[in-house]
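Report on one structure; see the data block that follows.
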Amino acid sequence: MTQKLVVIGAGMASGRVLEHLFDAGADYDVTLFNAEDRGNYNRIMLSPVLSGDKSYDDIVTHDTDWYESHGVTCRFGEHVTAIDREAKTVTGQNGTVPYDKLLIATGSAPFIIPVQGNDLPGVITYRDLDDTNAMIDAAAKGGKAVVIGGGLLGLEAAAGLAERGMEVTVLHLMGHLMERQLDESAGFLLRRDLQDKGVKVICQASTAAILGETQVEGVMLEDNTGLEADLVVMAVGIRPETRLANDAGLTVARGVEVNAQMQTSDPDIFAVGECVEFDGHLFGLVAPLYDQAKVVANSLMDEPDAFVVKELSTKLKVTGCDLFSAGDFSDGDGREDIVFRDPMRGVYRRLVVEDDVLVGAVMYGDTADSNWFFGLIRDKTAIAEMRETLIFGPAYQGGTPLDPLAAVAALPRDAEICGCNGICKGQIEDAIAAGATDLGAVRATTKASGSCGTCTGLVEQVLAVTLGDDFIMSAAASVCACTDMTHEDVRRMIKSQRLTSMPAVWQACNWTTPDGCHVCRPALNFYLLADWPLEYQDDPQSRFINERKHANIQKDGTFSVVPRMWGGITTPDELRAIADAADKYAVPTVKVTGGQRIDLLGVRGEDLPNIWSDLNDAGMVSGHAYSKGLRTVKTCVGADHCRFGTQDSTGLGIKLEKTLWGSWTPHKLKLAVSGCPRNCAEATCKDIGVVCVDSGYQISIGGAAGMDVRETELLVQVPTEEDTINVIKAVTQLYRENAKYLDRIYKWMGKVGLDWIKERIVDDLDERAALVDRFELSQSIYRKDPWAEHAAKKAASYQPLANLSLEAAE
Amino acid sequence: MSNWIDIAALGDIPQRGARVVKTSLGCVAVFRTAEDDVFALNNACPHKAGPLAEGIVHGKSVTCPLHNWVISLETGEAQGEDEGRVATYPARVENGRILLDRSFLRARAAA
Ligand code: SRM
Ligand SMILES: Cc1cc2nc3c(=O)[nH]c(=O)nc-3n(C[C@H](O)[C@H](O)[C@H](O)COP(=O)(O)OP(=O)(O)OC[C@H]3O[C@@H](n4cnc5c(N)ncnc54)[C@H](O)[C@@H]3O)c2cc1C
Ligand code: SF4
Ligand code: FES
């Protein structure tokens, strides 16, 4: 006979229980109470909702249709007020229902610090959608927010509010952020990154009172510091929500006590989620709750199962602050720390080792290897053999290659891929074998990557490794139809596997066509010449005609010729030579370009080597108006003539153009130098712009004025021309080494972040110097005039192969 | 009588490249693939007469330099969504020399 199951709380844990029950076809008639006026959603993702990256609709896990199709009676927006264990009924605000089995899944309640003013309007906790919406509304008015509590939740709230434009201060009781996981200097890195996002952090701050009459106005600290606040968010911790269980006389310690079958002291009542206590443990992350949910479902179906406590890992969901922690960090006899830090790159790693086994790991800044470390902790792998190099990660162990796919391929079946849902590689492989051949299907059948989503890339890689050629990595992202790999993966392969020729790339990356196509070949040609300037030979046949013939093709098949005018400066002699060339080759159109030089339009292909040679004789070289490479450096007249000029902008522009010309870049690269902030050279809408000021040179990057119009963002101000030139060379090289082909600087910057660029070029002087060296090495090959070279060596190839006009006349 | 005319050495066209042969009725593009197959096509894309000889050669196709139509070197047919065909002419390689069929000139004249 169908039994009645009543569930109190529609949270992440109970939602999972119901899924298991229905999937298994269990015979239950379910009534679901929820105090919130809505059904199950992915609570974890409230932070992306707060920051505006996602909407509520994106994070709903079970919608009305789902409840209807499974016959669930939903009583949302209704508090359960009592459980009567004698009568086996549950009473909500709107009436009583009987149960055969009861499931308590009430989660936890945010802890409210007992200070005066904690109940004022404007004091919010961070637990559910209503809290999130309240914060979004408050942020819309702008002003100041104080977040009390510097744990994961508090920091996510702070970052979200800052993103929405509030001035945010985080108050943290201890000496540094996340003191349980991070040591002082790592806490400092986190704090610095948050501060870059506009979040102020005060440590050792103990709240004495919340101030305000009818609405919160400020926070007073124990040391009498006063802070203004229009919004106060309390995120100091949670405690299990046990009131109902207590009142009903169930055994409750800190949480509702359950046995390994998730049964409370009353055999007909089960409990799951953050409200429970098991063997002295409380829970605050979803991974163990999902394990519990499986056990509850099995217990309700009389299947034997038992919950076991596993190691946990956490990630901070704040963009730009990559933090991972897993395991145990407490000091203890025989415990040893291994710490690695690279303060310039903002990278920190800490491992805790006990008896040759890894028991804890924290990573900040670079969390790429986190799964591998987590696997070592969980599996209690003996690490004595690799102790020396352990901290550097899997790439340094036993020659494991850096290739992301090979690394994933090497993971054992029980390596955890999705931390939230506790899904291992083997389960994903099984799902794939059973027919789930894309990300959506794997997510639907295993839940892997369905919660916080940070493992999406890994899941895709497992798919790729398992399916090989059959897996189409989200089509839009692959380079072209010749491969499933993304530009990023191909670039990584080229570097890590030292692929120095195009056939090597086709082979190693499984190209499906014999020799690529017009989309991938130009990209590969660029990647190879940028990464291996000495080894790789530029391939003209893989270049678009403009770059193959060093001239822009016109719609009628003729070409345009644009000689360089360094920094926009020319001479009467140069102008005469241009005029002569225009006459000699009957150039139909002579035009002044938007890049401060002269365009000869409509030159016949056969004439190109000759006109170039004439222009070369007058001292002019190719202007690369056709290239994904350095175009022009526009300048204004500057201090030489202009009454406002602060520096020699024309001179600097010429120096820049002379040092950068000939370089190939992912997309075209345009610069300008203005002599003062009046900015007559329009430097602030160029890929790289320099605005001269009295005290030096402001270098800003990421502007555009084509299909997108964008203002540059300040990279750094430096005092001398020499610094300016070095910074610009370094940025150019960083862009060449890292960007996707056909991304202008602004697009690339949108992906890596200005801060990432600053860390390498502004903060890290060694890295800047190394980039400059690598740029110069490449320029030793490419800083030359292709016109002169073609006129001397390749002129014949511009002529027809044969002329049969006479044949036909015979 | 043999209709083949010796045009040039195979090495005069780079692999994955093309050069044109002028005729009184416009240019013919002669392509050389990575496998050293040669093909001769009218040097005018069926779309807007783009000069196919300036395109990127891949497999047995060329991508037009003006708007990226992909044209089969074997059939002259536009690939994928695009529709159109360009005339193809017999071409072969013998002893490292590229030969074109003299009759194509007549065919062109007749066209
Ligand atoms: C000649 C010139 C127009 C003029 O007569 O002034 C020109 C001509 C062309 N531009 Fe431009 N652009 C010219 C200055 C600009 C400028 C102004 C500037 O540089 O200050 C811009 C806006 C600034 C910018 O780039 O952000 C500009 C934004 C574009 C874009 C849009 C780029 C973008 O990222 O949104 C394209 C399309 C592309 O590159 O994909 C483009 C593409 C083209 C092409 C190459 C289209 C093509 O592929 O055939 C045109 C070639 C014409 C030809 O046959 O020679 N051109 N183009 C200018 C040459 C400057 C020079 O001396 O080198
Ligand atoms: C902003 C935020 C970010 C988080 N990020 C992460 C993360 O990145 N990773 C991670 O693992 N975990 C994260 N967590 C924690 C995770 O969301 C919780 O562990 C999980 O939601 C707990 O599930 P639960 O089902 O036990 O409780 P809940 O999901 O809280 O559900 C309990 C439900 O019961 C209802 N309820 C309570 N009492 C009653 C009553 N008397 N009558 C009716 N209904 C009642 C509540 O309204 C609530 O809807 C985050 C939590 C928050 C708030
Ligand atoms: S705006 Fe640039 S690309 Fe467009 S027609 Fe003018 S020159 Fe050509
Ligand atoms: S002319 Fe060839 S694609 Fe348009």
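The chains referred to below are lettered A, B, ... by the order of the sequence lines, with proteins before strands, and numbering in each begins at 1.
- Residue contact with chain A, scored on non-hydrogen atoms closer than 4.5 Å, involves the side chain of B/Leu66 exclusively.
- Neither the backbone nor the side chain of B/Glu35 comes within less than 4.5 Å of any heavy atom in chain A.
- Using a 4.5 Å cut-off between heavy atoms, B/Pro51 touches chain A through its side chain atoms alone.
- Heavy atoms from other residues, nucleotides or ligands lying under 6.0 Å from CG of B/Asn95 number 12 at most.
- With a 4.5 angstrom heavy-atom cutoff, B/Val57 touches chain A only via backbone atoms.
- Between chain A and the residues B/Ala34, B/Pro14, B/Ser61, B/Ala53, the most heavy-atom pairs under 4.5 angstrom are made by B/Pro14.
- Partner of B/His58 under the side chain to side chain contact (heavy atoms under 4.5 Å, CB included) criterion, chosen from A/Cys520, A/Ser542, A/Pro514, A/Cys517: A/Cys517.
- A donor-acceptor pair under 3.5 Å is formed between the side chain of A/Gln541 and the backbone N or O of B/Arg16.
- Heavy-atom minimum distance, A/Pro522 versus B/Ile56: CG-CD1, 3.9 Å.
- The line from CZ of B/Arg32 to CG of A/Leu801 is 11.5 Å long, rounded to the nearest 0.5 Å.
- Pairing each heavy atom of B/Glu54 with each of A/Ile545, the nearest pair is OE1-CD1, 3.0 Å.
- With rounding to the nearest 0.5 angstrom, the CG atom of A/Asp556 is 13.5 Å from the NZ atom of B/Lys48.
- Top candidate by heavy-atom pairs under 4.5 Å with chain A, chosen from B/Gly55, B/Ala18, B/Gly50, is B/Gly55.
- Judged purely by atom type and a 3.5 angstrom limit, B/Arg19 uses its side chain to pair as donor or acceptor with the backbone of A/Gln799.
- Side-chain contact between A/Leu804 and B/Ile7 is present, with at least one heavy-atom pair separated by less than 4.5 Å.
- Rounding to the nearest 0.5 Å gives a distance of 7.0 Å between CG of B/Asn68 and CZ of A/Phe544.
- For B/Val62, no part sits under 4.5 Å from any heavy atom of chain A, backbone or side chain.
- Atom CD of A/Gln507 is surrounded by 12 or fewer heavy atoms from other residues, nucleotides or ligands within 6.0 Å.
- In this structure, the portion of A/Arg548 lying under 4.5 Å from any heavy atom of chain B is its side chain and not its backbone.
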